[in-house]
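The structure appears right after this line, and notes come after that.
When a ligand or atom number is given, it counts from 1 through the structure's own listing order.
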Amino acid sequence: MNVLYQNPHEARLLFGRGFRAGMDRREQKKLAAKNEKELRDEIRKKDGIEERPEDAAAQRLKDEAAEMYDTFDMRVDRHWSEKKLEEMTERDWRIFREDFNISYKGSRIPRPMRSWVESKLSSELLKAVDRAGYKTPSPIQMAAIPLGLQQRDVIGVAETGSGKTAAFVLPMLTYITRLPPISEENEAEGPYAVVMAPTRELAQQIEEETVKFAHYLGIKVVSIVGGQSIEEQGFKIRQGCEVVIATPGRLIDCLERRYAVLNQCNYVVLDEADRMIDMGFEPQVVGVLDAMPSSNFKPENEDEELDEKRIYRTTYMFSATMPPAVERLARKYLRNPVVVTIGTAGKATDLITQHVIMVKESEKMPRLQKLLDDLVDKTAIVFINTKKSADFVSKTLEKAGYRVTTLHGGKSQEQREVSLDGFRTKRFNVLVATDVAGRGIDIPDVAHVINYDMPGNIEMYTHRIGRTGRAGKTGTATTFLTLHDTDVFYDLKQMLTQSNSPIPPELARHEASKFKPGSIPDRPPRRNDTVFAH
Ligand code: AMP
């Protein structure tokens with residue numbers, strides 16, 4: 001109603017040369033030019049002066065220049081995906097890394113690859129990648145493959161499911177193709193590359209992924225895991241193979257009994273290094289690393305250029321966390337490594353809805369059955385802390401008519417494989433498991449993770465719930481908490497607070513949730529502590 005507001009005055013930022021963020025610059029510029037012209041016309045009219053033709057021409061030139069500047073400006077601001085490789089600016093690379101949640105630590109880091117065609121992989125490998133149906137590289141592959149191709153040592157922080165296997169397999173196969181094929185002449189010297197993984201299941205998964213690409217190149221892969229005849233495995237290695245995929249315990253057995261040697265092995269991958277250390281495999285891992293030739297270590301001096309034609313010992317290490325023992329390994333066996341972190345590996349993502357319910361031990365089973373009834377045809381993993389109670393829960397559910405299978409370290413190799421296969425193919429929709437399945441196993445599409453028992457530490461909780469909400473999907477995690485779990489109350493409360501999840505009132509007001517665990521007096525282990533039931 002007030003005339004004052006009928007013609008609002010637009011502030012002229014920087015006398016017409018400034019811009020507001022978030023608005024089309026070209027439009028702002030046009031408007032500024034128009035305003036200026038109107039203002040000049042008005043002044044001229046008031047003073048009774050005609051516009052001189054040369055002024056009009058100069059003004060037109062200025063307008064055109066402004067237009068051109070803007071067009072140019074827009075071109076610079078194109079998204080990186082519309083640019084050719086050589087057009088990429090520092091800023092584009094920064095955005096690229098942000099888009100894929102890639103971060104690096106280290107020196108002389110090569111650019112990540114934006115697509116398979118821009119990678120330096122051979123055409124044969126690219127064909128194999130295409131046949132595998134991998135349309136675009138995953139972030140860990142974008143970051144780690146160029147490093148591997150330069151024979152750099154890599155510490156990768158990425159979860160299973162991120163495509164990390166192919167991230168080390170493809171450079172490993174590239175390395176092998178540079179060497180003479182394994183034949184009768186050199187097979188006695190052992191394989192060219194070794195991959196170590198904490199569990200048989202993970203080793204087998206890595207083998208599958210490796211064979212997917214290796215068989216096009218005629219590269220032979222042998223897996224050396226417990227639960228199979230060591231003589232047979234030794235025989236397979238001696239028959240000649242380029243790649244060995246192994247659990248550290250069994251591999252060191254093979255080496256000590258002289259079934260295998262690593263005299264020409266210069267490429268080594270430690271998958272889930274923290275987990276191998278957790279499981280007490282440090283001496284075996286070190287034993288294997290020491291059995292490899294040390295003559296090809298890269299120079300300690302990080303400024304020294306690597307000779308592309310030389311063979312260097314290359315070490316890849318994947319680890320979700322860096323406990324001191326893993327750092328020790330890295331310091332001793334890696335040279336000037338690049339640390340690549342993808343996303344916030346190891347942290348619960350926003351895609352997981354977390355419920356924590358305070359229960360009594362006796363209420364767990366009826367509650368569990370209620371949750372499983374709500375699943376309909378979706379799948380769930382039920383985590384239990386001990387093998388014995390896993391068997392009990394599994395039997396009770398089976399009797400009640402659920403399609404359930406069990407995975408724990410007390411089962412034979414064959415039983416475990418049958419369980420996993422049955423779950424993957426949805427013959428069973430409930431998997432009752434101890435922490436063996438908590439990490440490293442690639443089970444897609446789990447809708448619900450149920451912690452029938454709360455694990456003894458928050459890291460394991462994070463790994464367990466990370467079985468759901470993968471690859472952009474949403475998931476639910478429900479945890480049954482009892483008064484036996486007070487040791488993790490503090491950490492769990494922090495975790496729930498950080499992820500904006502509801503905190504049950506019993507947990508929120510409990511004394512144990514108010515103090516850091518270190519500040520509580522020690523106590524002897526109790527029944528409900530996490531037991532690594534391998
Ligand atoms: P990983 O994290 O290595 O266990 O891989 C998880 C799953 O993703 C495996 O089943 C792989 O076959 C698959 N995968 C790996 N890389 C790609 C890719 N670039 N595109 C599509 N699928 C992939």
**Request:** State whether the number of non-hydrogen atoms from other residues, nucleotides or ligands found under 6.0 Å of Gln494 atom CD is greater than 12.
**Result:** yes
Heavy-atom contacts with [X] under 4.0 Å: which atoms of ligand 1 show up? List them by number with element.
| X | answer |
| --- | --- |
| Lys212 | 12 (O) |
| Ser138 | 19 (N) |
| Thr136 | 18 (C), 19 (N), 20 (N) |
| Thr165 | 1 (P), 3 (O), 4 (O) |
| Ser162 | 2 (O) |

Under 3.5 Å between any N/O of [X] and any N/O of ligand 1: does that happen in this structure?
| X | answer |
| --- | --- |
| Gly163 | yes |
| Trp116 | no |
| Tyr134 | yes |
| Lys135 | no |

**Asked** Do we get Arg114 above Phe96's six-membered ring, with its NZ or CZ under 6.0 Å from the centre and within 45° of the axis?
**Response** no
With a 4.0 Å cut-off on N to O distance, would you call [X] and [Y] a salt bridge?
| X | Y | result |
| --- | --- | --- |
| Asp377 | Lys426 | no |
| Glu209 | Lys212 | yes |
| Lys236 | Glu187 | no |

**Any pair counted as ring pair (Phe, Tyr, Trp, His ring centres under 6.0 Å), so long as it reaches residues 260-294, sequence neighbours left out** = Tyr175-Tyr267
**Prompt:** Looking at residues at least two apart in the chain, or sitting in another chain, which of them share a side chain to side chain contact (heavy atoms under 4.5 Å, CB included) with Val338?
**Reply:** Tyr104, Ile109, Leu147, Arg152, Val340
